[in-house]
Amino acid sequence: MRYNFKKTEKKWQKHWDENESFKAEENSKKPKFYGLVEFPYPSGHGLHVGHPRGYTALDIISRKKRMEGFNVLFPMGWDAFGLPTENYAIANKIHPAVVTAENIKNFKRQLKMLGFSFDWSREIDTTDPKYYKWTQWIFLKLFEKGLAYKATMPINYCTGCRVGLANEEVVNGVCERCSSEVIQKEKSQWMLKITEYAARLIDDLDGLDYIEKVKVSQKNWIGRSQGAVVNFKVEQTGDTITVFTTRPDTLFGATYMVLSPEHEFINKNKEKIKNYAEVERYKLAAAKKSEFERTELSKEKTGVALEGITAINPMNGVQIPIWISDYVLVTYGTGAIMAVPAHDERDWEFAKKFDLPIIEVVSGGDDVQKQPFTDVDDGIMVNSGFITGMQVKDAIKKITEHIEKNNIGERKINYKLRDWVFSRQRYWGEPIPIVLCEKCGYVPLSESELPLLLPETDNFEPGEDGESPLAKQVDWVNTVCPKCGGKAKRETDTMPQWAGSSWYFLRYIDPNNDDFLAGMDKLKYWLPVDWYNGGMEHTTLHMLYSRFWHKFLYDIGVVPTKEPYQKRTSHGMILGENGEKMSKSRNNVINPDEVVGEYGADTFRTYEMFIGAFDQATPWSMQGVRGCHKFLERVWGLSGMVTADGGYSDELMSAVHKTIKKVTEDIDRMKFNTAIAALMSFINKVMSIGSLTRGEFKTFLLLLNPIAPHITEELWENAGFSGFASQSKWPIYDAAKTLDDEIEIAVQINGKVRDKVIINADDNDETVKEKALACQKVNDFLSDKKIVKVIVIPKRLVNIVAK
RNA sequence: GCGGGCGUGGCGGAACUGGCAGACGCGCUAGACUUAGGAUCUAGUGGGCAACCGUGGGGGUUCAAGUCCCUUCGCCCGCACCA
C-alpha cells in the first residue's frame, strides 16, 4: 500500500490539536527546556520557505528533548505591528487590525500544516492590547528611571510624499515609492538610553553560548574602544577643546585639530573666527547632505580652517590650526579630533589635500610623507619628548599617566553605540503612554490607564510634514494631564517594531496574566531561554535591544536572570533554485503550500533539514525534495519487512547502536543533514538484508520521529507499539556495541594505499603490523625496496615507509 | 577599508583532536519488471586506456595534509570616515 500522507498528516495534526499533546506543564518536577524561535511578522505573502528552516530545527530539538524527559516550552506568536500591514491597509482601505487578523490566520494554518509541536495555548500577538499593555508598562518604567527621554533627532523625510520614512523605505537616497529626494528633518523624538548598558552588553556576552559571529557582531555594533580624552587650550578664546583618541602616544605628532561642522565651539566663538561666513557656508552644505551622501564611499575630504584661531598642543606647546570637516562625526567621541596625519589614514588624506604638516612620531614604516604608518604592534616612538624610544604600547601607558597627572585629560572608554531612537511617525504601533502638559511637561500615564489603546479610525494616512497619523485624531490627542488635570496633548508617535519583540519570550511564560507581564515563580522556573534560533539578519539589533530591555527588567527586579537567552544559533538562508536570493522579482520563490500539497509536511521537513549545513546558505532543489520523499516511502515500506523478534539482531546490532549515537549527537549539534544521512544509510542496510526486527523498527521510528513526526506516528500505531512515538523514550545506545569486532584497515606504502586488510578489533600493534606485511600486494610493491619504518595507527591504517 | 564566512565530483554536500577524500541525496549510464513510465528494483558512477592525478593557485612542515604554517587568487554576507 502506498503511503497516503495527506490523510495521515491531517489525522495526527488533529490528534495533537485536540489532545494539546505538546502543552508545556506547569509545576512540573521535570527539568525544563525552553526552546525559542523568532516569532514571524505575519505578512500578506504567507510563510516563506526560509521560516520553517529554523522552526523545523528547533521543533526537532524540542521533540527530542520531550522524549528525553524534559518539560519543554516551545511557543509561537506574532510580531504583528509593522509597516507593510499599515501600507496595505492604506492602499486597500481596510483597518490594519483586520489585515493582521487575516494574515495571522493564514500563517497559523501554514504552521499547523507543517506539524510543529508548538504549545498553541500560549500564542501571543504584539498588537493585542492585553499584550501591548505590558510593552507600554515597560516604557513607563524606562521613563520613570530616566532611560527614556526626548531629543531632537533627524528623520528621513520624503520631499515628495511629505512624510517621514523608515530606513527601509529609503533606497539609494530616494523615496522607495515616489523616487523623490529624501532629506534629514529634525524632529523631537523619544530615545532610550541603551548606551548606559553598553559595557554590560559587551561584558556579559562572555558567559553565553552564542555562535561566535553573533557575539562578534554584537561587540562590533557596540564598538568599545579604549583611549583617552585630551584637552587642547585655544589660544584666542581661553576655552578648551576636548578630543577622544585611542592613540595618545601620537600626541606629539598632532599637527592640527578638526571639529565636526556641528561642534558647539563654532557657534560660541563666531566673532573670533575671521572667516565665519565661509565656515557657515560649509556648515550649511554639510547639514544639507543626506546621511547617504555624507557616508558615501571614497569621496574627497573637504574642510575649512577656522582663521584667527589656534590651539596649543599640550605636549610641546606648539600652536596648531583648527579646521572643520564633515569627516569628523559629531555623534562619536567628543565631535572633535586631534589630527596625527603621519599615523592616521584619514588625517593623512586631509593633510595632503590641504598641505598641512606631517610629522613622524612612530618609526618603523616607510616615509610618512608618502603614506601613513598605522601599525601599533612594532613601532618605536620618535620626536616625542619623554616617550621617545619607547614601544607604542608602553608609550600609550606612560603618556596616559602623564596626561592624568597633569590634568590635561584622562583615560576613557568610548562606544560607537548610540541611544535608540524609539519614535515612529506611524499608526500601526504601540502608542507611547505619555502626555505633554502645558504646565508639567512630559507626564506618564498611570499604570491603571494602560493599555492606552490606539484610537479607532479609518484614516491611517501618514500625517503631513512628517507627523504621525495619530496627530490627526484630535479627540484622542487632546486630553487632560494626569498630574494637574490641565490641558494636555497625547504623544502621537508610536513605538518601533522592535518594542514588542524585545520581551515577547517573557510573555509566553505566563501569557494570560492580567496583573503582571509574567509571574516571578514561572519566570524563575523557565528562564533563561535555553536555546534561541533565528535569522542572521536579527543577530545585531533585535538581540541587542531585547538584551538591553531584559537587563533593565532585571535591574528593577522584574526578571530573575541577567540575560534572556543562554544559547543563540542562526540558520542560513534558503536560496532559489538558481542560487540567487528568493524574491518575487527574480521569479524563484518556492511556496511551502505547494510543496506540502504535493509531497506532504514530513517530506518538506526532512528536505529542509537535509538540504545542507544548517548554518549555511543553500539553494532549493525540487529534485532533492523528491529524494526525501522517496526516502519516506521506503520507510513506509519497512513495515512489511518486520519480524516478530523484539530485540536487535546480531546482523544489525552495531548498525543500530551506531545510528542512535550518530542521530543523537548530530541533532544536538544541529547537523541535521548528516543525521538524516545516517538514517538513510541504516535503511539501505536493512534493504540489503531484506528484513529487520520489531525492536529495530521501533528504534528507527523513534529516531526519525522528531524529523518526520506524522509518518512515524502512523507506523508506530499500525505496528501496535504502545502509546505514541512522540511521547516515548528516546533510544539509548551502548557505546560498547557501536564497535565492530572486525575492522578493515588500509595498508599504505609511503603514504599511498596499496591494499586493505581485515584485523580484529583487539589485535595489538605488532599483530596488525604482521598482518599488513603479509599482504601479497604489499610484498609485490616492496620487492625491490627496503623497509625503513612501519607506523601503525590503531583501527585506522598501517603506513610502511620504504626506500 | 574593517569584521565574519566560504572555495571539495555534473549538482547539494560528507570527512570528530592530521590517518583509506567524495558518506548521504540528486543527476547520469546500463539492466530488470511493465501497455506505458517523470513509478519501482538491481548494478555502476571523481578524472585518466594506464602508470598515475586529484579538495581555488603556489610554497612548506610531516611517515601521512581538505585539515597545520606561509603566500596568493576568487566569491558571499554584515558594517562602513567610529579618531
Side-chain angles (χ1 to χ4, degrees), chain A residues 2 211-217 219-221 223-225 227 243-247 250 254 258 260 294-299 301 325-329 331-340 343-347 349-350 374 414-418 536-537 539-540 572-573 575 577 579 581 606-607 610-613 615-628 630-631 633-634 637 662 665 669 671 673-684 687-688 744-756 788-802:
Chain A
R2 213 52 207 266
I211 51 170
E212 195 52 30
K213 59 179 164 182
V214 175
K215 283 194 185 182
V216 168
S217 74
K219 283 181 190 163
N220 288 347
W221 192 264
R224 170 153 66 190
S225 49
V243 302
F244 173 73
T245 177
T246 54
R247 295 290 304 277
T250 60
V258 188
S260 67
R294 251 181 103 155
T295 58
E296 217 173 352
L297 268 157
S298 66
K299 60 163 198 196
K301 297 265 182 292
S325 171
D326 63 5
Y327 86 89
V328 174
L329 308 174
T331 46
Y332 183 77
T334 61
I337 62 157
M338 64 175 205
V340 186
H343 306 289
D344 182 283
E345 233 162 276
R346 298 152 298 181
D347 298 345
E349 259 175 58
F350 193 81
T374 55
N414 208 31
Y415 298 92
K416 270 200 288 197
L417 185 69
R418 323 272 164 79
M536 221 28 224
E537 64 274 24
T539 52
T540 314
M573 217 189 320
L575 307 170
E577 295 206 82
K581 203 166 160 169
T606 306
Y607 178 64
F610 189 64
I611 190 166
D615 58 353
Q616 236 135 23
T618 322
W620 187 268
S621 155
M622 230 46 202
Q623 297 287 0
V625 175
R626 274 176 219 125
C628 289
K630 218 163 93 179
F631 163 65
E633 284 192 326
R634 277 149 71 89
K662 180 82 180 147
E665 291 174 355
R669 294 184 305 151
K671 301 250 177 193
N673 54 338
T674 50
I676 293 166
L679 291 167
M680 288 173 168
S681 294
F682 182 78
I683 281 229
N684 291 344
M687 290 296 184
S688 70
E744 188 187 59
I745 64 163
V747 182
Q748 296 182 334
I749 294 169
N750 295 331
K752 282 179 186 159
V753 180
R754 295 302 184 191
D755 204 355
K756 313 240 166 148
V788 180
K789 197 157 80 170
V790 178
I791 294 152
V792 179
I793 307 297
K795 299 185 183 181
R796 295 217 182 257
L797 55 75
V798 176
N799 190 12
I800 300 161
V801 185

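Letters go in sequence order (proteins before strands), and every chain restarts at 1. On a predicted model such as this, the values are computed, not experimentally measured, just so you know.
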**Prompt:** Between A:Met338 and A:Thr250, is any pair of side-chain heavy atoms under 4.5 Å apart?
**Reply:** yes
**Asked** Using the purine O4'-C1'-N9-C4 or pyrimidine O4'-C1'-N1-C2 torsion, is B:rG78 syn (within 90° of 0) or anti?
**Response** anti
**Prompt:** Nearest-Å distance, CZ (A:Arg669) to C1' (B:rU17)?
**Reply:** 13 Å
**Prompt:** Is A:Thr331 touching bases, backbone alone, or none of the nucleic acid, heavy atoms closer than 4.0 Å?
**Reply:** nothing
**Asked** How are the rings of A:Phe244 and A:Tyr332 set relative to one another: parallel (under 30°), tilted (30 to 60°) or perpendicular (over 60°)?
**Response** perpendicular
**Prompt:** Do the side-chain N or O atoms of A:Arg754 get closer than 4.0 angstrom to the phosphate oxygens (OP1, OP2) of B:rC52?
**Reply:** yes
**Message:** Whole angstroms only, please: what is the CD1-P distance between A:Ile745 and B:rG19?
**Reply:** 16 Å
**Message:** What's the gap between B:rG22 and B:rA14 when it is taken at their C1' atoms, as a whole Å value?
**Reply:** 7 Å
**Complete:** note: A:Lys756, atom NZ; B:rC20, atom P; distance rounded to Å ~ 10 Å
**Prompt:** Across the strands shown, which category fits A:Lys213 at heavy-atom distances under 4.0 angstrom: base, sugar-phosphate, nothing?
**Reply:** sugar-phosphate
**Request:** Let me know the distance between CD1 of A:Ile749 and C1' of B:rA64, rounded to the nearest Å.
**Result:** 14 Å
**Request:** Quick one: look up who B:rC2 pairs with, Watson-Crick or G-U, both distances under 3.5 Å, and put none if it's unpaired.
**Result:** B:rG78
**P atoms of B:rC70 and B:rU61, separation to the nearest Å** = 15 Å
**Request:** Tell me whether the OP1 or OP2 atom of B:rC77 has a side-chain N or O from A:Lys581 closer than 4.0 Å.
**Result:** no
**Message:** Distance check, C1' atoms only: B:rG12 and B:rG27, in whole angstrom units.
**Reply:** 11 Å
**Asked** If you measure from the C1' atom in B:rG66 to the same atom in B:rU17, how many Å do you get, rounded?
**Response** 16 Å
**Asked** Does A:Asn684 place a side-chain N or O at less than 4.0 Å from the phosphate oxygens OP1/OP2 of B:rA23?
**Response** no
**Request:** Kindly confirm or rule out a cation-pi arrangement of A:Lys301 over A:Phe350, judged by NZ or CZ under 6.0 Å from the six-membered ring centre and within 45° of its axis?
**Result:** no
**Asked** Just how far, in rounded Å, is C1' of B:rA23 from CZ of A:Phe610?
**Response** 10 Å
**Request:** Measure the OG1-CZ distance between A:Thr374 and A:Arg247 for me, rounded to the nearest 0.5 Å.
**Result:** 8.0 Å
